Protein chains: 2
Amino acid sequence: MSDQREKAMQRRSKQREAIHEELSKLKTHPRSDELYAIVRRRLPNVSLGTVYRNLDRLQREGMAIEIYCGDFVRYDANVSPHDHFLCRTCRRVWDFEPGALRQEPAPSEPQDVGGFRVDGKYTVFTGLCPDCLRNL
Amino acid sequence: MSDQREKAMQRRSKQREAIHEELSKLKTHPRSDELYAIVRRRLPNVSLGTVYRNLDRLQREGMAIEIYCGDFVRYDANVSPHDHFLCRTCRRVWDFEPGALRQEPAPSEPQDVGGFRVDGKYTVFTGLCPDCLRNL
DNA sequence: TTAAGTGCAAATAGTTTGCCAGAGT
DNA sequence: ACTCTGGCAAACTATTTGCACTTAA
């Protein structure tokens, strides 16, 4: 009764490495197209589809997280638990450690709560960033 | 120096009323197309564009909230602070009051934190819902 | 009467996918 | 060699928008 399926062999690729490295350097939580432009400076032939495929894979493997911003997704190579701030005006995302608004950290192991298996949590604060507040 | 601009007059419409009422009846956090199908039973000629326009307006007026699910948006007429759970498999959204994982409520008034004006907060837990856990 | 709101369809934009060539082990 | 991975472009899907017509006030 054992599962006979072969696990697909995982190969490394310079594209995925470049995508992960460039994402790791950034603190700006780039959109796919922004990261694509940056990776293209290193690998001029990389395609946007490859960026999407690898961001999805990195996320599934726990090496990146997705931040849903409504009209698009932003990516972050910092997978340690932290919150974000989404500016309603410029739609940039910032890391946020709000002191007085401190959150419970996400469970590090999947945890069963009321019949749900919780394996992640994300908190996004919304409002106006300092730049947009200044230009009000 | 006073602002002479006329504020645009706001009219009621049976479409917006129907959209808000039907959304209020639902506890399922529908997608736009799901709500569209329901409203269409009352107003067979409403268009999807009208549903979008009014959901956006209800949200801006504080009568509904948007829940970003990555590939689409879900809507909720319950604007009182509460968290959500997004199932990674079926991508349904549930209300979530996680007891041990209790959150700080969102600030009811805009609050300035480290140069940011925070006017909202949303927390989404992710994982597997009871149904999908059963079918594993 | 008049401009806000709607219906419709076309346009937009982010993301996904099929296919075949290319590369990692 | 075997098959995972990528490049490319077409396809897909949620959402937005332009425009002429309705309708609330």
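Below, each value reflects all heavy atoms present in this structure, side chains not excepted, and no hydrogens, waters or symmetry copies. In what follows, chains carry the letters A, B, and so on, assigned in the order in which the sequence lines appear, proteins first and then strands, with residues in each chain numbered from 1. Keep in mind the model is a prediction, meaning the values are calculated, not measured.
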Mind checking side chain to side chain donor-acceptor pair (under 3.5 Å) for [X] and listing every partner two or more places apart, or none if nothing turns up?
X: B/R92; value: B/D131
X: B/R53; value: none
X: B/E34; value: B/R31, B/R74

One would report the end-axis bend of the helix from C/dT1-D/dA25 to C/dT25-D/dA1, five pairs per end and rounded to 10 degrees, as 40°

Could you tell me the separation between the CZ atom of B/R60 and the P atom of C/dG5, rounded to a whole number of Å?
10 Å

Closest non-hydrogen atom pair, [X] against [Y]:
X: B/L23; Y: B/A64; value: CD2-CB, 4.0 Å
X: B/L43; Y: B/A18; value: CD1-CB, 3.7 Å
X: A/C132; Y: A/T89; value: SG-CB, 3.7 Å

Verify same cluster id: B/V73, B/I65 (apolar side-chain graph, 4.5 Å):
no

Check for me, please, whether B/F96 and B/V93 land in the same ILVMFWY cluster - side-chain distances under 4.5 Å, paths through other members count.
no

According to side-chain contact (heavy atoms from CB on, under 4.5 Å), who are the partners of A/R41, at least two apart in sequence or on a separate chain?
A/I38

What string of B, S and - do you get for nucleotides 17-25 of chain C, 5' to 3', when a contact is any protein heavy atom under 4.0 Å?
BB----BBS

Polar side-chain atom of A/R40 near backbone of A/V46 as donor-acceptor pair, under 3.5 Å:
yes

Okay, side chain of A/N54, backbone of A/T50: is any donor-acceptor separation there less than 3.5 Å?
yes

Could you check whether A/N54 gets within reach of a base, just the sugar-phosphate, or nothing at all, counting any heavy atom under 4.0 Å?
sugar-phosphate

B/R42: salt bridge (charged side-chain N to carboxylate O under 4.0 Å, His left out) partners, not counting sequence neighbours:
B/E21, B/E22

Aromatic centroids of A/Y122 and A/Y68 separated by under 6.0 Å:
yes

Just to be sure I understand the geometry, which residues of [range] put a non-hydrogen atom under 4.0 Å away from DNA chain C?
range: residues 67-77 of chain B; answer: none
range: residues 36-48 of chain B; answer: B/N45, B/V46, B/S47
range: residues 22-32 of chain B; answer: none

When the ring planes of B/W94 and A/F116 are compared, do they come out parallel, tilted or perpendicular, using 30° and 60° as the limits?
perpendicular

Check B/D119 with A/R88, please: is the shortest side-chain N to carboxylate O separation under 4.0 Å?
yes

Can a salt bridge be assigned to the pair B/R91 and B/D71 using a cut-off of 4.0 Å between side-chain N and carboxylate O?
yes

So where does chain B start and stop touching DNA chain D, 5' to 3', when the test is distance under 4.0 Å to a non-hydrogen atom?
D/dA14 to D/dA25

Taken in chain and number order and not counting sequence neighbours, the residues that satisfy ring pair (Phe, Tyr, Trp, His ring centres under 6.0 Å) with A/H84 are A/H29, A/H82

